[in-house]
Number of protein chains: 2
Amino acid sequence: MSDIAGYRPLYRQVHDIIVRKVVQGVWKPGEALPSEQALARELGVSQGTVRKVLDALTAENLLERRQGKGTFIAEHTQERALFRFFRMARPGGERLTPTRGKGVVKIRAARAAEQAKLDLTRGDRVVEIDRIRLIDGRPAIRELIILPAAHFPGIEKRSPLPNTLYSLYQTEYRINIVSAQEELSAVAATARDEADLGVAAGTPILLIDRLAVSLQDLKVEWRVSRARSDDLVYAVTLT
Amino acid sequence: MSDIAGYRPLYRQVHDIIVRKVVQGVWKPGEALPSEQALARELGVSQGTVRKVLDALTAENLLERRQGKGTFIAEHTQERALFRFFRMARPGGERLTPTRGKGVVKIRAARAAEQAKLDLTRGDRVVEIDRIRLIDGRPAIRELIILPAAHFPGIEKRSPLPNTLYSLYQTEYRINIVSAQEELSAVAATARDEADLGVAAGTPILLIDRLAVSLQDLKVEWRVSRARSDDLVYAVTLT
DNA sequence: GAGTGGTCTAGACCACGCA
DNA sequence: GCGTGGTCTAGACCACTCT
């Protein structure tokens with residue numbers, strides 16, 4: 001099967017079909033997919049081919065398989081989403097769970113930098129979430145989050161927002177965050193940081209610039225975090 | 001086959017056998033392994049089982065497969081090793097290649113912190129590499145690297161050291177770095193940093209603390225880097 | 001016991017690299 | 001044209017979960 005347009009393996013086609021169905025919400029987060037046998041019959045391929053695809057999607061964190069039970073759409077639950085994308089920890093490696101501090105949600109026109117980052121055009125509107133996150137009850141991170149308003153209708157009325165936004169995106173807006181690019185730098189705390197985080201102005205803090213991408217490959221969230229670095233570190237494993 | 005000791009799938013056993021052979025240096029970096037058929041015959045399993053293992057080891061960056069040619073031990077080449085573990089970039093994402101600045105290599109007794117980090121015991125010796133790395137000809141990063149001397153005999157005589165140490169570890173000492181845990185924080189530049197990196201004392205810089213682990217699962221390198229953050233960022237993709 | 005995913009096998013055929 | 005990995009199939013049996 002070597003077409004002019006190039007050859008596309010069966011398992012790739014099956015992969016795309018299943019991803020498309022997840023995007024369309026055919027199965028909801030936490031729900032089970034049909035069994036391998038059923039999918040194979042339905043798609044007219046062998047069970048082995050379906051298995052290869054389901055295994056790959058599991059490796060991509062999109063599905064979860066449980067022997068004896070079935071294959072499920074992975075959920076961005078509290079702990080899972082947190083440990084996957086929230087990288088702040090104590091020096092030495094102990095992972096931390098932030099709690100919610102005060103926050104403000106606004107809707108406004110996108111600025112030039114935001115248009116560029118999120119592939120928006122003039123006149124598009126964005127949601128701005130400005131919030132503080134606490135660790136052990138003490139302010140630790142200030143986050144400024146920008147979302148394309150078109151994809152998140154009514155989000156400004158959902159106050160108070162949950163601690164794990166990605167779970168909200170997934171269940172309420174059918175947007176699965178699958179990867180995020182982060183850029184870190186060190187900056188001096190401003191007077192504003194002093195008020196927000198309780199560190200003296202001029203103290204070095206971490207600036208984390210994140211662009212989160214959805215399963216549909218859309219740039220869905222731009223998040224700039226300012227994190228205290230006195231007793232916190234950004235922890236990541238390179239493989 | 002449900003033993004008391006627990007059941008160990010065939011493909012796991014095959015996985016371990018092949019990893020062991022790589023550790024022992026049965027095949028050198030860049031060399032080809034026997035074909036799937038040959039391995040299957042040799043190990044007394046089916047080709048499908050061998051394939052499953054080789055695919056997994058490829059995903060772990062230990063092997064490389066090339067259709068029509070064979071399966072090869074992955075090499076820590078200049079560009080590969082650099083892009084895998086060197087995360088400094090320009091804001092916006094452009095990856096950078098550092099060049100070698102001045103460096104000093106010493107051998108001395110391990111300090112308490114080093115013993116703890118590298119699982120050493122009293123009296124063990126370490127190699128200390130202290131070097132500057134340049135970006136666009138300008139000092140950008142100062143690295144302090146600690147290795148257990150026992151694993152790197154004669155490394156102090158190899159001056160000048162190559163830019164990519166992991167390639168040296170792999171080819172000369174049969175030590176494959178497969179993962180690294182990094183912890184980042186923001187600190188103020190010291191007078192020493194001012195001299196090394198050309199930033200004013202007090203300027204925020206990135207402090208990167210890395211523990212690198214080998215295929216044998218040994219803690220093999222402790223590296224503390226101090227990086228200018230004025231026109232450089234630490235870039236990472238979370239998935 | 002029925003149904004699910006997990007392991008393992010055997011074999012056919014395709015795509016690629018090279019001599 | 002041969003040898004390599006890449007795709008795809010069909011089927012057997014095992015391990016786990018639930019009823």
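Letters go in sequence order (proteins before strands), and every chain restarts at 1.
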Calculate the interatomic distance between A/E64 atom CD and C/dT4 atom P; express it in whole Å. 18 Å
Test: ring-ring contact (aromatic ring centres under 6.0 Å, His included). Region: residues 155-183 of chain B. Which pairs qualify, not counting sequence neighbours? B/F85-B/Y166, B/F152-B/Y169, B/F152-B/Y173, B/Y166-B/Y169
Between the side chains of B/E64 and B/R80, is the shortest nitrogen-to-carboxylate-oxygen separation below 4.0 Å, so that they form an ion pair? yes
Less than 3.5 Å apart, which donor and acceptor atoms pair up between the side chains of residues 28-39 of chain A and the rest of the protein, not counting sequence neighbours?
unit_1 : atom_1 : unit_2 : atom_2 : d
A/K28  : NZ     : A/G25  : O      : 2.9
A/E31  : OE1    : A/K28  : N      : 3.2
A/S35  : OG     : A/A38  : N      : 3.2
A/E36  : OE1    : A/Q47  : NE2    : 2.7
A/E36  : OE1    : A/R51  : NH2    : 3.3
A/E36  : OE2    : A/R51  : NH2    : 3.0
A/E36  : OE2    : A/R65  : NH1    : 3.3
A/E36  : OE2    : A/R65  : NH2    : 2.6
A/Q37  : NE2    : A/Q47  : OE1    : 3.0

Could you tell me whether the side chain of A/R131 reaches within less than 4.5 Å of the side chain of A/L165, counting heavy atoms only? yes
Whether each nucleotide of nucleotides 3-10 of chain D has a protein heavy atom under 4.0 Å at its base (B), only at its sugar-phosphate (S) or at neither (-) is summarised, 5' to 3', as BBBBBSB-
Just by distance, no angles: are the side chains of B/T121 and B/D124 close enough, under 3.5 Å, to form a donor-acceptor pair? yes
Figure out the CD/C1' separation between A/E31 and C/dT4, and round it to whole Å. 17 Å
